[in-house]
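Data first, discussion second: the structure below is written as structure tokens.
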Amino acid sequence: MASFLIPFKLIFLLLLSSHVYSSSSSTNSTEAEVEALLKWKATLHNDTQTFLSSLWVGNNHCNWVGISCDNSGSVTNITLRNYEWRVRGTLDNLNFLSFPNLIYLRLVGNALYGTIPSQIGNLSKLNYLDLDGNYFSGTIPSELCLLKSPFFSLGYNSISGSIPREIGRLSSLSDLRLNQNNLTGKISPSIGGLPNLARLELQNNRLNGSVPKDVGMLMSLNLLDFSSNQLTGPIPASIGNLSNLVFLYFYDNYLSGWIPNEIGLLNSLSQLEFSGNNLTGVIPISIGNLTNLSNLFLGDNSLSGHIPQTYSNFTYFQLSNNHLTGPLPENLCLGGVLIRLGVANNSLTGPIPSSLRECKSLFRAKLEGNHFTGNISDAFGIYPNLVHIGLSDNNFFGELSPKWGQCPNLTSLRISNNYISGKIPFELAEATQLQELDLSSNHLIGEIPRELGALKMMSRLFLSGNQFSGKIPSEIGLLSNLEQLKLASNNLSGPIPDLLGNCLKLFHLNLSMNKLGQSIPSSISNITALQTLDLSQNSLIGGIPQQFGKLQSLEILNLSHNMLNGSIPKAFNDLHGLRIVNISFNQLEGPIPDLKAFHEASFDTLWNNKALCGNATGLRPCVLPPRDNHSHGRRTKVITPTRESEPREEQHGDIFTVLGFNGRVLHESIIEATEGFSSDYCIGSGGHGTVYKASLPTGQVVAVKKLHQSEDSLLLNNLKAFESEIVALLEIRHRNIVQMYGFCSHPKHSFLVYELVERGILRMMLSNNEQAMLLDWEKRLNVVKGLANALSYMHHDHSQPIVHRDVSSNNVLLDSDYEARVSDFGTARILKPDSSNWTSLAGTYGYIATELAYTMRVDEKCDVYSFGVVAIEVFMGKHPGDLLSYLSSPTPVPNDEQILLKDVIDHRLLTPRSRAATDIVTATKVAFACLNANPQLRPSMKQVAQALSRQSLPLSTPFSTVKVGEMLGHVVCNGLITRIEEGLQVVS
């Protein structure tokens with residue numbers, strides 16, 4: 001027994017020693033991981049360190065938010081997802097060699113920048129690498145191709161260079177996402193060496209060359225996305241080998257040649273998108289064999305020939321902007337699943353297929369710009385889901401069917417420029433969701449139905465170029481959401497309805513070329529949003545209403561060819577936004593207003609009046625009346641007291657200043673409507689308060705900003721000054737500024753009352769992929785223009801200049817038509833002329849003008865800088881971030897390293913073309929000029945607004961080659977782009 005005892009003890013001691021050593025080794029490894037994480041945290045931005053300290057709490061790192069471990073305590077998962085700007089810094093100081101057991105590395109949706117460390121390639125156990133949605137730059141390290149990770153995503157960054165040829169070594173790879181970067185060069189044929197690849201996303205880069213035929217070797221591929229690059233050449237026939245392919249996206253490239261017939265072999269294909277290329281030839285008949293294909297997008301190419309008649313059962317069918325001829329397939333909606341139909345701007349002929357008449361699933365249809373014919377009376381049926389239909393610019397005849405009124409969700413009906421006759425059916429008023437009705441340029445007769453006044457959602461009513469007679473229905477004045485009314489070129493008679501002045505959102509009114517008589521109703525002056533007013537070629541009499549001086553937003557005014565008399569009201573001198581005016585062929589007399597629009601007007605816009613005078617071409621100078629000997633040369637000054645917004649109550653420290661409401665009743669209604677500011681009614685929160693939605697007993701829905709306690713205290717300490725500012729803000733009337741209704745100060749709570757803007761915050765829309773894609777380039781340009789117009793009005797056209805001080809994408813709202821509406825004047829201060837305006841730092845980080853950090857002096861140029869940031873953000877789809885640093889770099893960037901504009905704009909949209917591309921280049925140059933580090937070299941907002949409203953010159957180079965660096969230091973003057981050093985004297 002003794003002989004066996006010693007070996008047993010020895011074995012026991014050896015096992016014990018081994019266990020101690022293993023525990024010690026594990027402990028050392030764990031300590032190294034903790035040390036690596038904390039060391040990395042210490043190198044991040046200060047605010048990030050604070051943020052991570054709130055997540056990484058306690059001694060056990062395995063319990064930290066975003067960190068997971070195995071049973072030994074070794075880190076297997078590092079996940080920090082969608083914290084936006086709160087995780088800022090680089091990965092340079094994160095020692096990846098300290099994490100031998102790491103399986104998941106997910107740092108998605110943060111503000112990490114710098115290069116991607118090559119050390120990651122040494123993580124032998126890593127099978128999930130996701131660095132999406134950051135600001136990483138530099139190239140893809142070839143060492144990453146050593147990984148055995150099946151998931152590999154570097155999308156939505158600023159990575160440049162080419163895709164490493166070694167990518168073909170990742171034989172285990174099932175998901176490769178390199179989309180939304182600045183990758184260049186050709187797609188390597190080695191990509192074909194990934195037999196397990198199911199998802200390949202390379203979209204929204206600058207990849208060039210042809211699509212390699214080796215792609216046809218990816219037999220496991222489910223999704224293939226090469227869209228929005230610079231690929232050329234034909235689509236390889238080898239694509240037909242991908243029998244498992246469900247999604248195929250090649251749109252927005254420069255691909256040419258015919259669509260290969262082999263596409264018809266992709267039996268699993270559900271979505272095919274080749275739009276926005278240079279494809280020619282006919283559409284393959286074989287596509288009709290793909291029984292699983294639901295979405296077909298071939299628009300914006302040069303395809304010709306007929307659409308194959310075998311096509312049917314599509315959900316999305318988009319072939320607009322080609323050269324297609326012949327009829328639509330008869331069975332296009334045979335299966336009753338067609339949702340979107342787009343064949344606009346081709347040369348299609350024939351009648352509308354009978355299957356479309358019963359297509360209950362139809363949601364949106366665009367058939368305009370073709371040669372379709374047939375009697376429109378019975379060509380279309382009743383569509384319970386239809387929202388938009390465009391039939392303009394075709395050859396339809398017959399009368400409008402009352403059935404259009406039975407489409408309950410219809411918001412847009414466009415049938416202009418056809419041969420439609422008869423009357424507008426009054427039943428159309430039953431389509432209560434209708435927002436746009438365009439029947440212009442037809443042969444319609446009779447009176448405009450007064451029943452249209454029941455369409456409360458109507459914002460655009462276009463009936464010009466017909467043969468309507470009778471009076472303009474006064475019920476049109478009930479359309480409180482009406483923004484554009486065009487009734488020109490008809491036979492309308494009688495007076496302009498006085499109730500039209502109730503259409504307070506109207507910004508375009510054209511009643512020209514009719515037989516309207518009597519005087520211009522003064523109520524039109526209530527429409528302070530008016531930008532264009534055309535009453536020309538009628539029989540209007542009397543004087544121009546004195547109240548027209550209230551039309552502060554008016555830009556274009558045409559009163560020519562009437563019988564107006566008297567002098568032009570002196571109040572016209574307040575119309576500083578007026579750009580174009582025509583008052584010819586009237587009986588007006590006296591001096592013209594002291595405005596640029598009149599001084600620079602051509603003679604033919606002023607002539608043929610009774611006795612106009614003033615400083616303008618063709619007019620005689622005005623003769624001053626002799627002085628009264630008793631006046632001693634003094635002028636009589638008339639002071640008209642301004643009526644205070646009423647009612648106003650002061651009781652027990654309660655103060656109300658409210659437009660159009662009883663203050664006490666409104667206060668109680670808001671408390672009741674929000675159930676004492678319950679979180680159930682909260683729709684947003686900002687730096688100055690929380691916003692609630694309140695439905696008032698009057699039926700009006702308003703936004704209520706309940707001020708934070710700190711703001712409330714400031715208000716109570718300086719109530720009189722605050723009230724004077726609110727009263728000034730209540731006077732603001734501009735279509736791009738959220739209307740303030742009033743405020744309430746109360747010992748328990750204070751709040752501001754605003755109109756409710758439907759679509760909400762611009763930043764939220766840009767951050768949501770689905771909503772951002774609805775915000776196309778035209779809408780984004782209009783957002784930028786609207787913001788510029790609002791700030792120009794605040795700075796230059798208000799009685800006292802107002803600086804917003806917190807212009808950001810959080811304080812820009814979008815209405816139902818995606819019009820920009822500036823909100824949140826919580827930090828605004830009315831500037832006193834010649835004052836220094838020194839103040840505490842206010843604003844939103846990332847939008848604040850650089851000089852505020854050291855001067856603390858607030859003036860209009862601070863808003864100009866913030867506008868520039870927001871404008872670039874609108875075009876990029878996200879905050880400019882690193883681009884601002886690039887723009888402000890004192891070191892010139894070599895030409896071959898210049899950032900291209902097409903690579904920084906929002907890649908969720910198709911690359912802008914033609915007019916949109918030109919306008920975006922112009923607007924971006926204006927935005928860059930606003931970011932000048934020297935505030936004195938920034939343009940004024942009036943200059944910005946004028947530049948954006950002018951016709952842009954055509955691009956001298958293709959949009960795809962426009963370089964950001966070459967756009968710096970420019971301003972726009974008189975429609976021309978000039979160096980700011982040269983143009984400053986001109987535009988100042």
Side-chain angles (χ1 to χ4, degrees), residues 306-307 309 311-312 317 319-320 324-334 336 338 341-431 434 436-449 451-452 461-469 489-490:
H306 289 197
I307 302 173
Q309 287 295 310
Y311 284 7
S312 63
F317 191 76
L319 307 179
S320 295
L324 300 170
T325 56
L328 286 173
E330 182 61 33
N331 294 327
L332 193 57
C333 191
L334 183 63
L338 187 63
L341 170 62
V343 293
N345 302 320
N346 282 285
S347 298
L348 299 171
T349 57
I352 299 300
S354 58
S355 66
L356 281 181
R357 188 183 306 119
E358 305 301 325
C359 193
K360 305 297 184 183
S361 58
L362 200 61
F363 177 79
R364 185 178 292 269
K366 301 189 71 173
L367 296 92
E368 61 266 26
N370 283 286
H371 305 298
F372 291 123
T373 188
N375 192 329
I376 200 170
S377 304
D378 56 3
F380 298 93
I382 298 173
Y383 306 99
N385 300 302
L386 188 65
V387 169
H388 169 98
I389 187 165
L391 304 173
S392 300
D393 301 297
N394 279 290
N395 299 319
F396 293 115
F397 57 86
E399 299 186 2
L400 291 174
S401 169
K403 292 181 180 179
W404 290 115
Q406 299 178 49
C407 299
N409 292 302
L410 190 62
T411 63
S412 179
L413 177 61
R414 299 179 181 177
I415 321 181
S416 67
N417 199 21
N418 280 279
Y419 299 96
I420 299 174
S421 57
K423 298 181 179 182
I424 299 177
F426 67 87
E427 293 90 345
L428 192 60
E430 297 173 8
L434 205 59
E436 178 182 36
L437 177 62
D438 188 354
L439 304 176
S440 54
S441 300
N442 279 287
H443 302 299
L444 295 166
I445 61 173
E447 296 187 354
I448 298 173
E451 287 83 359
L452 295 184
L461 180 58
F462 305 146
L463 303 178
S464 298
N466 283 285
Q467 299 164 30
F468 291 117
S469 58
S489 302
N490 281 290

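For the numbers below, each heavy atom of this structure counts, side chains included, while hydrogens, waters and symmetry mates do not.
Side chain of Glu330 to backbone of Ser354: a donor-acceptor contact under 3.5 angstrom is found. A side-chain donor-acceptor contact under 3.5 Å links Thr411 to the backbone of Val387. Not one N or O on the side chain of Ser489 forms a donor-acceptor pair closer than 3.5 Å with the backbone of Gly465. Looking at Asn375, its side chain does come within 3.5 Å of a backbone N or O of Ser377 through a donor-acceptor pair. Side chain of Asn442 to backbone of Ile420: a donor-acceptor contact under 3.5 angstrom is found. Formation of a donor-acceptor pair under 3.5 Å by the Asn418 side chain with backbone atoms of Leu391 is found in this model. With Ser320 contributing its side chain and Ala344 its backbone, the two residues share a donor-acceptor pair below 3.5 Å. The closest donor-acceptor contact from the side chain of Asn490 to the backbone of Phe468 lies under 3.5 Å. At distances below 3.5 Å, not a single donor-acceptor pair connects side-chain atoms of Asn331 with backbone N or O atoms of Ser312. In terms of modelled atom types and a separation under 3.5 Å, the side chain of Asn346 and the main chain of Leu319 share a donor-acceptor contact.
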Stepwise side-chain contact (heavy atoms from CB on, under 4.5 Å) test for Leu452 and Phe426 = CA-CA 7 Å; Leu452 295 184; Phe426 67 87; over 6 Å; no

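Using a cutoff of 4.0 Å between basic side-chain nitrogens and carboxylate oxygens, Glu436 and Arg414 are scored as salt-bridged.
Taking the six-membered ring where tryptophan is involved, the planes of Phe372 and Phe396 are essentially parallel, since the angle between them stays under 30° and well short of 60°.
The number of heavy atoms from other shown groups lying within 6.0 Å of NZ (Lys360) is above 12.
Across Asp438, Asn395, Asn394, Asp393, a single residue satisfies side-chain hydrogen bond (donor to acceptor under 3.5 Å, both in side chains) together with Asn417, and that is Asp393.
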